[in-house]
**Student:** 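Pasting a structure below so you can have a look.
Below, chains carry the letters A, B, ... as their sequence lines are ordered, and counting in each starts from 1. Computed from a prediction, not measured in an experiment: that's the story for all the values here.
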Protein chains: 2
Amino acid sequence: MTEKQEKILSVALKLFAEEGFSNTSTSKIAKEAKVSEGLIFKHFKNKTGLLDAVVSQGTKGFERMFEEIASKKSPQEIVWGFIEMPYQILKKDPTFWKLQLSLKYQSPEIAERYKNSSTLQKAHELLNATFTELGREQPVMETQLLMQIVGGLFSSLPELPENERQQLVEFIKSKY
Amino acid sequence: MTEKQEKILSVALKLFAEEGFSNTSTSKIAKEAKVSEGLIFKHFKNKTGLLDAVVSQGTKGFERMFEEIASKKSPQEIVWGFIEMPYQILKKDPTFWKLQLSLKYQSPEIAERYKNSSTLQKAHELLNATFTELGREQPVMETQLLMQIVGGLFSSLPELPENERQQLVEFIKSKY
DNA sequence: TACATTAGTAAGTGATTACTCACTTTTGAT
DNA sequence: ATCAAAAGTGAGTAATCACTTACTAATGTA
């Protein structure tokens, strides 16, 4: 990948996340990346293709982190690893995560295109197995609740100051 | 308010919620509402003014529900009322709620404009008092956790089928 | 060194955007 | 009935949109 290509990707990520996809024009991206607008279409075909590239680049890190958690040994560690995930992801790549959150609300086509499928599915199954192993009475409901708590963390943590983030995560961990 | 004015508002709500604000053109709204495009600007000054009107109309119902919960007697009822809130709001006005969720991700100006301030603040204080009254060891953290759970419910419930929604809400209530 | 491929540019394209303006129709109070 | 204010229209406006085209510069390989 060329320097300019990488610059386009990083600028697009930043603008898509901060200003919204439909609110970010290709000319704005080109200007900020100090590149001719035509180059964007040379490399990424169209605006959606650019978004595709941005998302698939960012998704890699996310999947890597999930695999790491899933490979842990004890059920306790798995649950705790799960609760910490939003905090870790946010620390690692806050901009990409904001983009990820926003995709659902841009347009029906985009929402459909990036509907988080396989990783979320795997997470669900892993948690079900873990809660069963832990001997919980209603493992399915426990999974749903934890998925929901973690999902909520993803959208609420960005607005909290660093120390409160850690506090909240530790408090939730203490409940499991 | 005239019939056409109401039609504009309802069509705008629907389109803003389903397709996103910047992705919905005023001409599209006019067409779907069977109204001349100029009329939108007569009544609402500009596109942002239209969004203002849509939001302030929808917010009323939301505030009414909060007041109702706050006026409950026992702390137990208040906490349960809180947990049920996303379910009730979603049942009452799912389209408006989708719009509300999306506003954060449209553009910095819009996110700033509709940053949910007063009602959320009041909710925080009410829960703090309630958890203190219930004699919890860390009422502030309990508040933050519950606010976060309820916030998560707001964004996750829409994707669940009706029966699972109720199940999840009841399960969370059973933990309090 | 020759040459094909890729990277990159600048100036366009038609379509669509939010918004305005000059105008007509409807309404409600006297 | 009169008439001003409000409701409503439809054809504009300049600016911006995603995208294309015709071109040059750089690069790697034989």
Side-chain angles (χ1 to χ4, degrees), chain A residues 1-57 99 102-103 105-114, chain B residues 1-57 99 102-103 105-114:
Chain A
M1 230 195 311
T2 39
E3 264 182 50
K4 301 209 170 186
Q5 209 164 344
E6 282 178 25
K7 194 76 212 284
I8 291 171
L9 278 176
S10 68
V11 168
L13 166 62
K14 186 191 135 208
L15 290 181
F16 286 164
E18 286 175 4
E19 328 248 356
F21 176 72
S22 16
N23 213 39
T24 302
S25 66
T26 49
S27 80
K28 199 173 186 176
I29 295 169
K31 224 176 189 175
E32 195 143 325
K34 279 162 190 162
V35 145
S36 71
E37 199 179 345
L39 189 59
I40 293 175
F41 296 91
K42 261 266 151 74
H43 283 315
F44 304 102
K45 194 176 176 188
N46 52 36
K47 201 185 168 187
T48 309
L50 174 57
L51 180 58
D52 278 344
V54 168
V55 168
S56 86
Q57 188 182 253
L99 171 64
S102 78
L103 291 178
Y105 305 107
Q106 298 296 333
S107 82
E109 299 79 37
I110 290 176
E112 181 63 27
R113 197 177 182 86
Y114 301 107
Chain B
M1 230 194 310
T2 31
E3 264 182 50
K4 301 209 167 183
Q5 210 165 342
E6 282 177 27
K7 195 75 211 285
I8 292 170
L9 278 175
S10 69
V11 167
L13 166 62
K14 185 191 136 208
L15 291 180
F16 286 163
E18 286 174 5
E19 327 249 355
F21 177 72
S22 18
N23 214 38
T24 303
S25 66
T26 48
S27 80
K28 199 174 185 176
I29 295 170
K31 224 175 189 176
E32 196 144 325
K34 280 163 190 161
V35 146
S36 71
E37 200 179 344
L39 189 59
I40 293 175
F41 295 90
K42 261 266 150 75
H43 283 315
F44 305 103
K45 193 176 178 188
N46 51 37
K47 201 186 169 186
T48 309
L50 174 57
L51 180 58
D52 278 344
V54 168
V55 169
S56 85
Q57 188 183 252
L99 170 64
S102 77
L103 290 177
Y105 305 107
Q106 298 298 331
S107 82
E109 299 79 36
I110 289 178
E112 181 62 28
R113 197 178 182 86
Y114 301 108

**Student:** Taking A:Lys31's backbone N and O only, do any of them form a donor-acceptor pair with A:Glu37's side chain (distance below 3.5 Å, no angle check)?
**Tutor:**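 Answer holds: no.
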**Student:** For a quick check of understanding: with a heavy-atom distance under 4.0 Å over all strands, which category does A:Thr24 fall into, base, sugar-phosphate or nothing?
**Tutor:**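 Contact class for A:Thr24: sugar-phosphate only.
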**Student:** Is the closest side-chain heavy-atom distance between A:Ile29 and A:Val35 below 4.5 Å?
**Tutor:**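 They are not in side-chain contact.
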**Student:** In residues 38-49 of chain B, what residues come within less than 4.0 Å of DNA chain D, judged by heavy atoms?
**Tutor:**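 Residues of residues 38-49 of chain B that come under 4.0 Å of DNA chain D are, in numerical order, B:Gly38, B:Leu39, B:Lys42, B:His43.
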**Student:** If a pair satisfies ring pair (Phe, Tyr, Trp, His ring centres under 6.0 Å) and one of its residues is in residues 28-49 of chain A, list it, with sequence neighbours excluded.
**Tutor:**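 Sorted result for residues 28-49 of chain A: empty, none.
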**Student:** Please report the shortest heavy-atom distance between B:Lys34 and B:Lys4, naming the atom on each side.
**Tutor:**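 For B:Lys34 and B:Lys4, the tightest heavy-atom pair comes out as O-NZ, 4.5 Å.
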**Student:** Using a heavy-atom distance cut-off of less than 4.0 Å, which residues of residues 3-14 of chain B contact DNA chain D?
**Tutor:**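 Within this stretch, B:Lys4 sit under 4.0 Å of the strand.
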**Student:** State which residues pass side-chain hydrogen bond (donor to acceptor under 3.5 Å, both in side chains) with A:Glu112; sequence neighbours excluded, sorted by chain then number.
**Tutor:**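 For A:Glu112, the residues satisfying side-chain hydrogen bond (donor to acceptor under 3.5 Å, both in side chains) (neighbours in sequence not counted) are A:Lys115.
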**Student:** From the 5' end of DNA chain C to its 3' end, which nucleotides mark the outer limits of contact with chain B, defined by a 4.0 Å heavy-atom distance cut-off (strictly under)?
**Tutor:**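 Taking any atom under 4.0 Å from a heavy atom of chain B, the span is C:dT17 to C:dT20.
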**Student:** What is the 5' to 3' range of DNA chain D, first to last nucleotide, that sits under 4.0 Å from any heavy atom of chain B?
**Tutor:**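 The protein-touched segment is D:dA7 to D:dG10.
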**Student:** Check each residue of residues 26-35 of chain A for a non-hydrogen atom within less than 4.0 Å of any atom in DNA chain D, then write out the ones that pass by number, or none.
**Tutor:**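 Within this stretch, A:Thr26, A:Ser27 sit under 4.0 Å of the strand.
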**Student:** Only counting residues at least two apart or in another chain, list the ones meeting salt bridge (charged side-chain N to carboxylate O under 4.0 Å, His left out) with B:Glu109.
**Tutor:**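 Checked B:Glu109 against salt bridge (charged side-chain N to carboxylate O under 4.0 Å, His left out); zero matches.
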**Student:** Do you know which two heavy atoms are closest between A:Thr26 and A:Ile40, and how far apart they sit?
**Tutor:**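 Taking A:Thr26 first and A:Ile40 second, the nearest heavy atoms are O-CD1, 3.5 Å.
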**Student:** What donor-acceptor contacts under 3.5 angstrom involve side-chain atoms of residues 10-18 of chain A, with partners at least two apart or in another chain?
**Tutor:**
residue, atom, partner, partner atom, Å
A:Ser10, OG, A:Lys7, O, 3.1
A:Lys14, NZ, A:Glu32, OE2, 2.6

**Student:** Roughly how far apart are B:Asn23 CG and A:Ser107 OG, rounded to 0.5 Å?
**Tutor:**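 So the gap between those two atoms works out to 5.0 Å.
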**Student:** Please step through side-chain contact (heavy atoms from CB on, under 4.5 Å) for the pair A:Leu9 and A:Gln57, ending with a clear verdict.
**Tutor:** CA-CA 9 Å; A:Leu9 278 176; A:Gln57 188 182 253; 3.7 Å; yes
**Student:** So do the side chains of A:Glu19 and B:Gln106 get within less than 4.5 Å of each other, counting heavy atoms only?
**Tutor:**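 No, their side chains stay 4.5 Å or more apart.
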**Student:** So which atom in A:Ile110 and which in A:Leu103 form the shortest heavy-atom distance, rounded to 0.1 Å?
**Tutor:**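 In this case the closest contact between A:Ile110 and A:Leu103 is CG2-O, 3.8 Å.
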**Student:** By side-chain hydrogen bond (donor to acceptor under 3.5 Å, both in side chains), which residues pair with B:Lys47, not counting sequence neighbours?
**Tutor:**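 For B:Lys47 there are no side-chain hydrogen bond (donor to acceptor under 3.5 Å, both in side chains) partners, ignoring immediate neighbours.
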**Student:** List the residues meeting side-chain hydrogen bond (donor to acceptor under 3.5 Å, both in side chains) with A:Ser36, not counting sequence neighbours, and say none if there are none.
**Tutor:**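 Applying side-chain hydrogen bond (donor to acceptor under 3.5 Å, both in side chains) to A:Ser36 gives none.
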**Student:** Taking for each residue the nucleotide of DNA chain D with the nearest heavy atom, is it A:Ser22 or B:Ser36 whose nucleotide lies nearer the 5' end?
**Tutor:**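 It is B:Ser36 whose nearest nucleotide is closer to the 5' end.
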**Student:** Just jot down the side-chain hydrogen bond (donor to acceptor under 3.5 Å, both in side chains) partners of A:Asp52, sequence neighbours excluded, or say none.
**Tutor:**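 Result, side-chain hydrogen bond (donor to acceptor under 3.5 Å, both in side chains) vs A:Asp52: A:Arg113, A:Tyr114.
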